[in-house]
Amino acid sequence: MSRPWTVQVGYMVHYANTVTVEADTLDEALEKAIGTANEDPAGWRSTDHVTDTHVDAVSEGAGADPWGGGALPVPDRFAEGGEPPLVTVRIGPDGTPDARVEGGRARVRILDA
């Protein structure tokens, strides 16, 4: 039997502010760029790019608060980031690890204690 659901969907609209900064390192440049861009509200422009529509929040029931106490987890395939990549790590007979990433990009760290 059908039942009501309250779902908030959305899409992101991208704005950008391109700035030039002087810095000694990449981290310093990125910190300065964020600060400089935020201090220049007139420099922000729409990139005319929007993301795919995705689900922000969901709750069962008509008129329910999808962000409230009855909020349900949004399945990855409907979320803004989509399904994460699958990382499979196999350890060979000689103990050598081999990592395989499917469905996107991932950072994999394998530590040998």
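Bear in mind the structure is a predicted one, so any value in this text is a computation, not a measurement.
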Undergrad: Is a side-chain N or O of S59 found less than 3.5 angstrom from the main chain of P66, in a donor-acceptor match?
TA: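 Judged by distance alone, no pair lies under 3.5 Å.
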Undergrad: Which ILVMFWY residues can you reach from V50 by hopping between side chains whose heavy atoms are under 4.5 Å apart?
TA: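 Traced through the cluster, V50 reaches Y11, V13, Y15, W44.
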Undergrad: Tell me, please, which residues at least two apart from T47 pass side-chain contact (heavy atoms from CB on, under 4.5 Å).
TA: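 By the side-chain contact (heavy atoms from CB on, under 4.5 Å) rule, T47 matches H14, A16, H49.
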Undergrad: Distance-only criterion, 3.5 Å: show the donor-acceptor pairs between side-chain atoms of residues 77-91 and protein atoms not counting sequence neighbours.
TA:
none

Undergrad: Tell me, please, which residues at least two apart from V7 pass side-chain contact (heavy atoms from CB on, under 4.5 Å).
TA: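 Here the qualifying residues are W5, V9, V55, V58.
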Undergrad: Please enumerate all residues that pass side-chain contact (heavy atoms from CB on, under 4.5 Å) together with A29, with sequence neighbours excluded.
TA: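 For A29 the side-chain contact (heavy atoms from CB on, under 4.5 Å) partners, ignoring immediate neighbours, are V21, A23.
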Undergrad: Shortest non-hydrogen contact from V108 to A99?
TA: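 Between these two residues, the closest heavy atoms are CG1-CB, 4.0 Å.
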Undergrad: Can you name the residues that form a side-chain hydrogen bond (donor to acceptor under 3.5 Å, both in side chains) with W67, not counting sequence neighbours?
TA: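 For W67 the side-chain hydrogen bond (donor to acceptor under 3.5 Å, both in side chains) partners, ignoring immediate neighbours, are Q8.
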Undergrad: Using the salt bridge (charged side-chain N to carboxylate O under 4.0 Å, His left out) rule, collect all pairs that involve residues 45-74, keeping only residues at least two apart or in two chains.
TA: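 Matches after skipping sequence neighbours: R3-E60.
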Undergrad: Salt bridge (Lys or Arg N to Asp or Glu O under 4.0 Å) with E31: which residues, sequence neighbours excluded?
TA: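 Testing E31 for salt bridge (Lys or Arg N to Asp or Glu O under 4.0 Å), a comparison that skips the adjacent residues, returns none.
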Undergrad: Could you give all pairs that pass the salt bridge (charged side-chain N to carboxylate O under 4.0 Å, His left out) test and reach residues 15-30, with sequence neighbours left out?
TA: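 Salt bridge (charged side-chain N to carboxylate O under 4.0 Å, His left out) check on residues 15-30 returns E28-K32.
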Undergrad: According to side-chain hydrogen bond (donor to acceptor under 3.5 Å, both in side chains), who are the partners of T96, at least two apart in sequence or on a separate chain?
TA: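 So T96 forms a side-chain hydrogen bond (donor to acceptor under 3.5 Å, both in side chains) with D94.
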Undergrad: Given the rule that I, L, V, M, F, W and Y join up when any side-chain heavy atoms are under 4.5 Å apart, are I34 and L26 in one cluster?
TA: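 Hydrophobic grouping puts I34 apart from L26.
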Undergrad: Please find the pair of heavy atoms, one from N38 and one from P41, that lie closest to each other, and give the distance.
TA: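 So the minimum-distance heavy-atom pair works out to O-CD, 4.4 Å.
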Undergrad: Can you list every salt bridge (charged side-chain N to carboxylate O under 4.0 Å, His left out) pair that touches residues 33-44, not counting sequence neighbours?
TA: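 Passing the test, one end in residues 33-44: no pairs.
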